[in-house]
J.: 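Okay, handing you the structure first.
Starting from 1, each residue takes its place in the sequence as its number.
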Amino acid sequence: MNDLTVFVPEKTSPCIPTGPIRTIGIDLGTTNSAVAEAVFDPQNPHNIEVRCLEVEQLTEDGVVSDVTVPSVVALTDAGLIVGRGAKRLRAKMAESGFKKDETIFYECKNEMGLRRVYNAPEGFNSPACISGRILEFLFDAAQGQGPIPIRKGIMAAAIFPGIPLLSS
């Protein structure tokens with residue numbers, strides 16, 4: 001089927017937009033995360049543009065742009081680092097003085113729902129807080145790409161293999 005089919009309940013009419021709509025989807029992964037967008041333009045309804053977004057990630061060597069964002073967060077003296085730069089800091093945790101679940105956070109999605117509390121500053125003291133930082137980072141990166149504002153977002157976090165959690 002090549003056409004986009006809209007299912008509409010009886011006694012209602014479809015809400016066809018008057019201008020382009022941009023929706024993002026974020027995959028919060030245990031190891032890596034990603035963000036994609038879909039753009040629908042009612043003037044060209046048979047051509048929905050879908051793409052993974054490249055996200056700029058700060059590292060010690062400069063900015064790296066990639067569609068894959070490691071699900072790692074680091075608190076440094078210079079501020080918050082998410083993604084590739086935090087992953088590189090994780091690789092040298094011992095010599096850099098980072099401590100797991102205090103100043104560097106990874107694989108936190110595995111602990112969501114366990115009511116785990118980290119020995120970290122407020123806003124970084126739970127798996128949900130860390131996941132929220134990653135989602136915020138990806139949302140902000142997506143928001144800065146493209147002239148069309150984001151109309152809706154979908155987050156997928158497969159907490160249990162094969163059972164995605166969807167929210168908007």
J.: Any non-hydrogen side-chain atom of Leu80 less than 4.5 Å from a side-chain atom of Leu75?
T.: yes
J.: Any side-chain heavy atom of Val63 sitting closer than 4.5 Å to one from Thr59?
T.: no
J.: So does Lys100 have more than 12 non-hydrogen atoms from other groups sitting under 6.0 Å from NZ?
T.: yes
J.: Do the side chains of Arg84 and Val69 get nearer than 4.5 Å, heavy atoms only?
T.: no
J.: Determine whether Asn47 and Asp41 satisfy the following criterion, side-chain contact (heavy atoms from CB on, under 4.5 Å), listing intermediate values before the conclusion.
T.: CA-CA 8 Å; Asn47 185 24; Asp41 186 347; over 6 Å; no
J.: Would you say the ring centroid of Phe105 lies under 6.0 angstrom from that of Tyr118?
T.: yes
J.: If I take atom CE from residue Met93 and atom CD1 from residue Ile104, how far apart are they, to the nearest 0.5 angstrom?
T.: 6.0 Å
J.: Spell out, as yes or no, whether a donor-acceptor pair under 3.5 Å connects the side chain of Thr76 to the backbone of Ala78.
T.: yes
J.: Restricting to non-hydrogen atoms, name the atom on Glu122 and the atom on Asn125 that form the minimum distance, rounded to 0.1 Å.
T.: OE1-ND2, 3.7 Å
J.: If every non-hydrogen atom of Ala86 is compared with every non-hydrogen atom of Val72, which pair is closest and at what distance?
T.: CB-O, 3.4 Å
J.: Can the positive tip of Arg90 be found less than 6.0 Å from the middle of the six-membered ring of Phe98, inside 45° of the ring normal?
T.: no
J.: Can Ile21 be reached from Phe139 by stepping across I, L, V, M, F, W or Y side chains whose heavy atoms are under 4.5 Å apart?
T.: no
J.: Rounded at 0.5 Å granularity, tell me how far CG in Asp66 sits from CD in Glu56.
T.: 12.0 Å
J.: May I ask you to check whether over 12 heavy atoms, not counting those of Arg151, lie within 6.0 Å of atom CZ?
T.: no
J.: Using atom types as modelled and distance alone, determine if a side-chain donor or acceptor of Ser126 lies under 3.5 Å from a backbone N or O of Val117.
T.: no
J.: Does any part of the side chain of Thr23, heavy atoms only, come nearer than 4.5 Å to the side chain of Glu37, both counted from C-beta?
T.: no
J.: Do Leu135 and Ile24 share a hydrophobic cluster, counting only Ile, Leu, Val, Met, Phe, Trp and Tyr and linking them when any side-chain heavy atoms are less than 4.5 Å apart?
T.: yes
J.: Out of curiosity, Thr31 OG1 to Lys87 NZ, how far, rounded to the nearest 0.5 Å?
T.: 8.0 Å
J.: Do the side chains of Leu89 and Ile81 get nearer than 4.5 Å, heavy atoms only?
T.: yes
J.: Taking atom types as modelled, find out whether Glu54 and Ser65 have a side-chain donor-acceptor pair closer than 3.5 angstrom.
T.: yes
J.: Using only atom types and a distance under 3.5 Å, with no angle test, would you say the side chain of Lys109 pairs donor to acceptor with the backbone of Leu28?
T.: yes
J.: Is there side-chain contact between Val55 and Phe137, with at least one heavy-atom pair below 4.5 Å?
T.: yes
J.: I need the minimum non-hydrogen distance between Cys108 and Pro127, along with the two atoms involved.
T.: O-CB, 3.4 Å
J.: Would Ile130 and Tyr106 count as a side-chain contact (heavy atoms from CB on, under 4.5 Å) here? Give the steps.
T.: CA-CA 9 Å; Ile130 300 303; Tyr106 51 92; over 6 Å; no
J.: Answer yes if Val82 and Leu58 sit in the same cluster of Ile, Leu, Val, Met, Phe, Trp and Tyr residues linked by side chain heavy atoms under 4.5 Å apart, and no otherwise.
T.: no
J.: Which atom pair, heavy atoms only, marks the closest approach of Pro121 to Glu102?
T.: CD-O, 3.9 Å
J.: Taking Glu60 first and then Arg88, would you say they form a salt bridge - that is, a charged N and a carboxylate O separated by under 4.0 Å?
T.: no
J.: Please tell me if the side chains of Ile134 and Ser33 come closer than 4.5 Å, counting only heavy atoms from C-beta onward.
T.: yes
J.: Taking the side chain as every heavy atom from C-beta outward, state whether Pro42 and Pro45 have any atom pair closer than 4.5 Å.
T.: no
J.: Determine the minimum heavy-atom distance between Arg22 and Gln145, stating which atoms define it.
T.: NH2-O, 2.5 Å
J.: What are the two closest heavy atoms between Val67 and Cys52, and how far apart are they?
T.: CG1-CB, 4.0 Å
J.: To the closest 0.5 Å, what do you measure between CG (Asn110) and OG1 (Thr30)?
T.: 4.5 Å
